[in-house]
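We count ligands from 1, going down the list as the structure has it; atoms in each ligand are counted the same way. None of the values given here were measured: they were computed from a predicted structure.
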Amino acid sequence: MQRRKVEFVAGTPGKVGMYLCGPTVYSDAHLGHAKKEVAFDVIRRYLTHRGYAVRYVSNITDVGHLQGDADEGEDKIARRAALEQLEPMEVAEKYYWSFMDDMARLGVLRPSIQPRATGHITEQIELIEELIRKGHAYEAGGSVYFDVRSWPGYGKLSGRKLDDQEEGTREAVRGEKRDPRDFALWKKAEPAHIMRWNSPWGVGFPGWHIECSAMSLKYLGEDFDIHGGGLDLEFPHHEAEIAQAEAAGHAFARYWMHNNMLTIGGEKMSKSKGNFTTLKDLFERVDPQVVRFLLVGSHYRSITEFSEEAFTAAHSGYRRLHDALSEIERRLPNAPQRPDPLAEKVAGHVLAFEEAMSDDFNTPRAVAALFNLTTDVNAALASGEVGRGALEAARAAYLELGGEVLGLFRSAAPGQDDTALVSTLMDVVLEARQHYRLSKQYAQSDALRSKLSQVGVTVEDTKDGARWKRES
Ligand SMILES: Nc1ncnc2c1ncn2[C@@H]1O[C@H](COP(=O)(O)OP(=O)(O)OP(=O)(O)O)[C@@H](O)[C@H]1O
Ligand SMILES: [Zn+2]
């Protein structure tokens, strides 16, 4: 809002309420969507790391988002439903789960609350009624519009006043509006429009902007801390959200944060331009952890340019960090108990990481701190034995900063998913145990079983032979 860095002060000490504009679920997510989700996931994770209890609300838009983000035209979900010959709610359900699967693979934590627009029609109608009562909205031809002229604060976030979608608007819609900048809160449903609800203004459906004002206020209360979204949402979507909430008499978000775009050849990756790579396609050839590593390698407010070379570089960079962590884990059990100069260096890199993250979540600088840590770790490991305390501190730095904050190091090294390997190794172990049992070497077979139990694997003998499972 102030177009500069300001100190973050939580409204309620120790707690943070965050709202992120979520996806319109009508197609598979692409890498651009991932940039936004990962950016805010890291912000949430860092605030949690700093001891805040974070309530993270992110909505699912399943109605009201029209083609071209305008006040008329087909609903994006209904259009897709016609194309795929599905019910609109089938489309929403299908792409909701597709989105959730992709986000899980990227290590994006689930929102604390994930409200859907269609589940909050009542709240949206109530907010619109409040706006009409207060003289900031009016009904025209079964639709309701926000009266921009009645609200001088309109434009304060983006510094823009003119609606750039005004141009293509049909005469009929333009005729209903008192001012071309006015935007729809409720739209009358034409007979062919499938998604429709009763309202005080007849049968219709909510405008796209109103859901976020209604749902963020419902779950985060007045005056919540952070509102986020893509830079392309600043205007008109966020401008409209602020006007709707404040004109109805509510204090709204205190900090606004926008992520910049992921580009390809300098252009925003987007569905309508057709220059997108879906996450599902990408994950076929690039490990999701490497995708995440690439995304955190640029600042949320910077443009991230997509290229194959960037993935190659991200892969080898991530591999370098991962290998150092694996080597630490391999050395730890036999490391000598003695002080080691590495410990102090680790502490310095941890500090650098936290300073970077506390400076507007500067992830590229934070990643650089992990690389500097790795340089020192590798030098120490190469020079011989390293004291246990220092190794433990280094391990904790990787796991807490790289792992919990940046959301990395969630599985085997990139390109080395070891599910198949574990399964083969377990077959070998169970065969050996079977051999002991058949030759009545029960002490050995019990010893194997108890060693497995120490690493969280239980073995069960069934009539079809031995089965193993991980304890949860
Ligand atoms: N290339 C991108 N980089 C960063 N964020 C993006 C990018 N594309 C989309 N987003 C974010 O995801 C939100 C939802 O995107 P949306 O579904 O409109 O995708 P899109 O590909 O831009 O689609 P369309 O081209 O149909 O508008 C956007 O408002 C924006 O915040
Ligand atoms: Zn929104």
Does the side chain of Lys156 come within less than 4.5 Å of Glu246's, by heavy atoms? yes
Decide whether an N or O pair under 3.5 Å exists between Ser270 and ligand 1. yes
Less than 3.5 Å between some nitrogen or oxygen of Leu233 and one of ligand 1, yes or no? no
Among all protein heavy atoms, pick out the one at the shortest distance from [atom]; state its residue, atom name and that distance to 0.1 Å.
atom                    : result
atom 4 (C) of ligand 1  : Gly32 O, 3.2 Å
atom 22 (O) of ligand 1 : Lys268 NZ, 2.7 Å
atom 26 (O) of ligand 1 : Tyr26 OH, 3.1 Å
atom 23 (O) of ligand 1 : Lys271 CE, 3.3 Å
atom 30 (C) of ligand 1 : Asp232 OD1, 3.2 Å
atom 24 (P) of ligand 1 : Ser272 OG, 3.5 Å
atom 1 (N) of ligand 1  : Met269 O, 2.8 Å

Six-ring centre of Phe224, Arg55 cation under 6.0 angstrom, axis tolerance 45°: no
Going by atom types alone, do [X] and [Y] pair a side-chain donor with an acceptor below 3.5 Å?
X      : Y      : value
Thr304 : Lys35  : yes
Glu329 : Tyr398 : no
Ser358 : Tyr46  : yes
Tyr300 : Asp360 : yes
Ser213 : Glu241 : no
His322 : Gln289 : no
Tyr56  : Asp41  : no

Applying salt bridge (Lys or Arg N to Asp or Glu O under 4.0 Å) between Asp147 and each of Arg178, Arg181, Lys177, report the one that passes. Arg178
Please give me the minimum heavy-atom distance between [X] and [Y], naming the atom from each residue.
X      : Y      : result
Glu211 : Val63  : OE1-O, 3.7 Å
Leu370 : Gly402 : CD1-CA, 3.9 Å
Leu220 : Gly17  : CD2-CA, 3.7 Å

Heavy-atom contact under 4.0 Å between His30 and ligand 1? yes
Only heavy atoms count here, so choose which of Lys76, His33, Lys36 is nearest to atom 10 (N) of ligand 1. His33
Closest to atom 3 (N) of ligand 1 (judged by heavy-atom distance), picking from Thr61, Asn259, Leu262, Val25: Leu262
What's within reach of the Zn ion (ligand 2), meaning protein N/O/S atoms under 2.8 Å? Cys21 SG, Cys212 SG, His237 NE2, Glu241 OE2
Looking only at atom types and distance, does a side-chain atom of Arg3 sit under 3.5 Å from a main-chain N or O of Leu157, one as donor and one as acceptor? yes
Quick one: does ligand 1 sit under 4.0 Å from the side chain of Lys273, the backbone, both or neither, non-hydrogen atoms only? neither
Go through ligand 1 atom by atom and flag the ones less than 4.0 Å from a non-hydrogen atom of [X].
X      : result
Asn260 : 4 (C)
Gly230 : 31 (O)
Met261 : 2 (C), 3 (N), 4 (C), 5 (N), 6 (C), 7 (C)

